Amino acid sequence: MENPIFEIKKELIEWIKNLDELEMMQELLDLKNSENSVSIVSDLKKEYAVKDDFDERFAKGISATEMRRRTMEHINNLPWK
């Protein structure tokens, strides 16, 4: 599944490529250079940041012995005909 922000970026890039209005380009440059845009970008980075907590999740996982026990219990409880 693709991140929705990538689709938005692609759409904006295509729109900018086809843009011919000097005023609109200047507004985009002003927006890019403004301090406001820096905070918007940093907020987006926070929103899409992914924590690497594999070791924590692995430590909380079940052992191979417990997994075998649960699997056998599940198989034995199936409604065999």
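This chain uses plain numbering: 1 for the first residue, then up along the sequence. Computed from a predicted structure; not experimentally measured.
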Partner residues of [X] under the side-chain contact (heavy atoms from CB on, under 4.5 Å) criterion, sequence neighbours left out:
{"X": "Lys9", "result": "Ile5"}
{"X": "Phe58", "result": "Phe54"}
{"X": "Ile75", "result": "Thr71, Trp80"}
{"X": "Glu21", "result": "Met24"}

Salt bridge (charged side-chain N to carboxylate O under 4.0 Å, His left out) involving [X] - partner list, sequence neighbours excluded:
{"X": "Glu56", "value": "Lys51"}
{"X": "Glu73", "value": "Arg69"}
{"X": "Asp53", "value": "Arg57"}
{"X": "Arg70", "value": "Glu66"}

Heavy atoms of other groups near Met25 CE, more than 12 under 6.0 Å: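 Yes - once you tally the heavy atoms of other residues, nucleotides and ligands closer than 6.0 Å, there are more than 12.
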Drop me the distance from [X]'s [atom1] to [Y]'s [atom2], to the nearest 0.5 angstrom.
{"X": "Met72", "Y": "Met67", "atom1": "CE", "atom2": "CE", "value": "12.5 Å"}
{"X": "Lys60", "Y": "Asp55", "atom1": "NZ", "atom2": "CG", "value": "12.0 Å"}
{"X": "Leu28", "Y": "Leu12", "atom1": "CG", "atom2": "CG", "value": "9.0 Å"}

Non-hydrogen side-chain atoms of Ile13 and Lys10 separated by less than 4.5 Å: no
ILVMFWY cluster membership beyond Leu22 - transitive side-chain contacts under 4.5 angstrom: none
Residues forming a side-chain hydrogen bond (donor to acceptor under 3.5 Å, both in side chains) with Gln26, sequence neighbours excluded: Asp30
